[in-house]
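Please read the structure below before turning to the comments.
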Amino acid sequence: MTALPPLSILDLAPVVEGASTRDALLNSLDLVRLADELGYARYWVAEHHNMEGVASSATAVLIGQLAAASRRIRVGAGGIMLPNHAPLTIAEQFGTLAELFPDRIDLGLGRAPGTDRPTMRALRRSLESSGEDAFPNDVLELQAYLAPARDGAAVRAVPGQGTEVPVWLLGSSLYGAQLAAYLGLPFAFASHFAPELLMQALQVYRASYRPGARHPRPHAMVGLNIVVAPTDDEARGLFTSTQQRFLGMVRGQRGKLPPPVAGMDALWTPAEAAQVQRMLAESIVGSPATVRAGLAATLERTQADEFIVATAVHDHAARRRSYELLAALD
């Protein structure tokens with residue numbers, strides 16, 4: 001039987017219908033403790049803003065709480081949307097986390113704003129800067145703040161300097177793959193919501209990778225939506241919450257994560273169904289045997305070094321059970 005690569009968790013701290021933001025955050029703390037016990041490699045949370053159904057907007061704050069609630073697992077950002085921030089601020093935040101939780105903090109960086117244009121303006125105060133176009137230079141500046149102290153540096157990150165927090169680049173296009181390869185950094189592809197360029201991005205990343213002392217070989221993490229339940233039918237029913245969330249995205253409607261439904265046919269048009277299915281193409285849903293076979297096929301196709309798993313399930317107990325069943329597959 002094909003051995004699976006390390007499994008990690010991507011958590012957007014989903015706020016579900018009928019529950020509060022506090023409930024979502026407490027669920028994340030509960031889930032990271034479980035992930036720690038089950039042997040997952042990493043637990044990442046993502047920066048999003050102005051979304052009623054996502055509670056991870058203050059990403060560094062939440063990471064600190066998750067790290068404090070766990071013992072072994074690496075905790076980090078998947079990711080920080082760097083155009084929203086000054087690199088020095090992120091270096092100080094993650095430097096602080098690294099000092100408090102040595103060798104347990106990851107810093108994944110994204111180029112997208114993770115929100116809408118009015119919220120971008122509220123975050124940045126002004127959109128006159130080069131924003132996303134400055135991303136490569138901002139990554140280099142951030143890395144310099146986290147590197148060992150340099151003589152004559154006018155600005156230092158304290159905490160931050162010398163912590164060398166591991167930096168990952170995130171992407172859903174070829175741009176991120178090219179930049180990660182050029183900088184010799186590990187790369188995580190957001191195929192859990194934008195799968196179309198996955199295979200091309202992996203090829204570009206591996207073919208053009210420039211090895212460095214810290215990362216002599218490319219390391220590719222692939223994002224997947226996974227729901228595991230005792231039966232295929234139960235898992236497919238739970239997955240309708242994710243399908244409804246993506247249907248809302250297609251319609252420009254973002255709200256709390258809805259409860260599952262008996263079927264999606266009455267909720268979407270054929271065109272909407274096709275669009276949602278394209279966005280969710282990298283999803284594996286079913287019983288443990290079904291998911292095990294799906295993971296093996298995905299590994300053969302992608303040669304991923306690591307899978308990071310998103311499980312948007314309305315019922316927290318069912319979400320816990322999904323991750324328990326997934327961890328038991330090996």
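Hydrogens, waters and symmetry mates play no part in the numbers below; they use all other heavy atoms, side chains included.
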Gap between atom CE of Met51 and atom CZ of Arg254 - 0.5 Å precision | 4.0 Å
ILVMFWY network linking Leu10 to Met279, side-chain heavy atoms under 4.5 angstrom | no
Nearest-0.5 Å distance that lies between atom CG in Leu179 and atom OG in Ser173 = 10.0 Å
Are any side-chain N or O atoms of Gln244 and backbone N or O atoms of Thr240, one a donor and one an acceptor, separated by less than 3.5 Å?
-> yes
Without swapping roles, check the side chain of Arg42 against the backbone of Arg74 for a donor-acceptor pair under 3.5 Å.
-> no
Mark yes when over 12 heavy atoms from residues, nucleotides or ligands other than Arg251 sit less than 6.0 Å from its CZ; otherwise mark no.
-> yes
Among Thr163, Ile63, Leu142, which one satisfies side chain to side chain contact (heavy atoms under 4.5 Å, CB included) with Leu107?
-> Leu142
Keeping the roles fixed (side chain from Arg245, backbone from Ala312), state whether a donor-acceptor pair exists under 3.5 Å.
-> no
Taking C-beta and beyond as the side chain, do Pro166 and Arg214 meet within less than 4.5 Å on heavy atoms?
-> yes
Do Gln65 and Leu25 come within less than 4.5 Å of each other through their side chains, counting heavy atoms only?
-> no
Should Tyr43 and Asp36 be marked as a side-chain contact (heavy atoms from CB on, under 4.5 Å) after you check the CA-CA gap, both sets of side-chain angles, and the distance that decides it?
-> CA-CA 9 Å; Tyr43 193 103; Asp36 202 22; over 6 Å; no
Among Thr2, Ile284, Val309, Thr290, which one satisfies side chain to side chain contact (heavy atoms under 4.5 Å, CB included) with Leu295?
-> Ile284
Nearest-0.5 Å distance that lies between atom CZ in Arg156 and atom CZ in Arg150 = 11.0 Å
Do Asp11 and Ser56 have side-chain heavy atoms sitting under 4.5 Å apart?
-> no
Side-chain contact, heavy-atom cut-off 4.5 Å: Val285 with Gln243?
-> no
Tightest non-hydrogen contact, residues Gly78 and Ala46, listed as O-CB, 3.4 Å
Under 3.5 Å, is there a donor-acceptor pair between the Tyr182 and Gln178 side chains?
-> no
Determine whether more than 12 heavy atoms belonging to other residues, nucleotides or ligands lie under 6.0 Å from atom CD of Glu300.
-> no
So which heavy atom on Gly64 is nearest to which on Phe101, and how close?
-> O-CZ, 3.7 Å
Does Met81 offer a backbone N or O that forms a donor-acceptor pair with the side chain of Glu47 under 3.5 Å?
-> yes
What distance do Leu185 atom CG and Tyr205 atom OH have between them, rounded to the nearest 0.5 Å?
-> 7.5 Å
Please round to the nearest 0.5 Å and tell me the distance separating atom CG of Asp106 and atom CD1 of Ile80.
-> 12.0 Å
Please answer whether the main-chain N or O of Val227 pairs with a side-chain N or O of Thr311 as donor and acceptor at a distance below 3.5 Å.
-> no
Side chains of His85 and Gln93: closer than 4.5 Å at any heavy-atom pair?
-> no
Is the shortest side-chain N to carboxylate O distance from Asp30 to Arg319 below 4.0 Å?
-> no
Identify the two heavy atoms, one from Leu198 and one from Thr302, that lie closest to each other, and give their separation to 0.1 Å.
-> CD2-CG2, 4.1 Å
Trace of the side-chain contact (heavy atoms from CB on, under 4.5 Å) decision for Leu325 with Arg321 = CA-CA 6 Å; Leu325 293 171; Arg321 182 184 60 181; 4.0 Å; yes
Are Ile105 and Val61 connected in a single hydrophobic cluster, I mean Ile/Leu/Val/Met/Phe/Trp/Tyr linked by side-chain heavy atoms less than 4.5 Å apart?
-> no
For Leu109 and Phe135, work out which heavy atoms get closest and say how close.
-> O-CZ, 4.1 Å
Heavy atoms, side chains only, cut-off 4.5 Å: are Ser322 and Val228 in contact?
-> yes
Just say parallel, tilted or perpendicular for the rings of Tyr40 and Tyr323, cut-offs at 30° and 60°.
-> perpendicular
Path from Leu97 to Ile73 over hydrophobic side-chain contacts below 4.5 Å | yes
Within-4.5 Å side-chain heavy-atom neighbours: Ile90 and Tyr145 = no
Parallel, tilted or perpendicular: ring planes of Trp168 versus Trp44, cut at 30 and 60 degrees | perpendicular
Checking side-chain contact (heavy atoms from CB on, under 4.5 Å) for the pair Trp268/Gln275: CA distance, chi angles, key distance, verdict?
-> CA-CA 10 Å; Trp268 56 20; Gln275 191 169 349; over 6 Å; no
Can you check whether Thr269's main-chain N or O pairs, donor with acceptor, with Glu272's side chain at less than 3.5 Å?
-> yes
Any donor-acceptor pair under 3.5 Å from Arg111 side chain to Leu82 backbone = no
Does the pair Val276 and Met264 meet the rule for a side-chain contact (heavy atoms from CB on, under 4.5 Å), with working shown?
-> CA-CA 11 Å; Val276 170; Met264 292 294 297; over 6 Å; no
Do Leu12 and Leu280 belong together in a cluster built from hydrophobic side chains that touch within less than 4.5 Å?
-> no
Drop me the distance from Asn225's CG to Phe193's CZ, to the nearest 0.5 angstrom.
-> 10.5 Å
Can you name the closest pair of heavy atoms from Ser241 and Pro258 and give their distance?
-> OG-O, 2.7 Å
Linking I/L/V/M/F/W/Y whenever their side-chain heavy atoms sit closer than 4.5 Å, directly or via other members, would Leu26 and Val75 fall into one cluster?
-> yes
Which heavy atom in Gln303 sits nearest to a heavy atom in Arg206, and how many Å separate them?
-> O-NH2, 2.8 Å
Any donor-acceptor N/O pair, Asp305 side chain to Ala220 backbone, under 3.5 Å = yes
Could you tell me whether the side chain of Val15 reaches within less than 4.5 Å of the side chain of Glu52, counting heavy atoms only?
-> no
His314 side chain to Glu17 backbone, donor-acceptor under 3.5 Å = yes
Is the side chain of Arg33 donor-acceptor paired with the backbone N or O of Ser70 at a distance under 3.5 Å, no angle test?
-> no
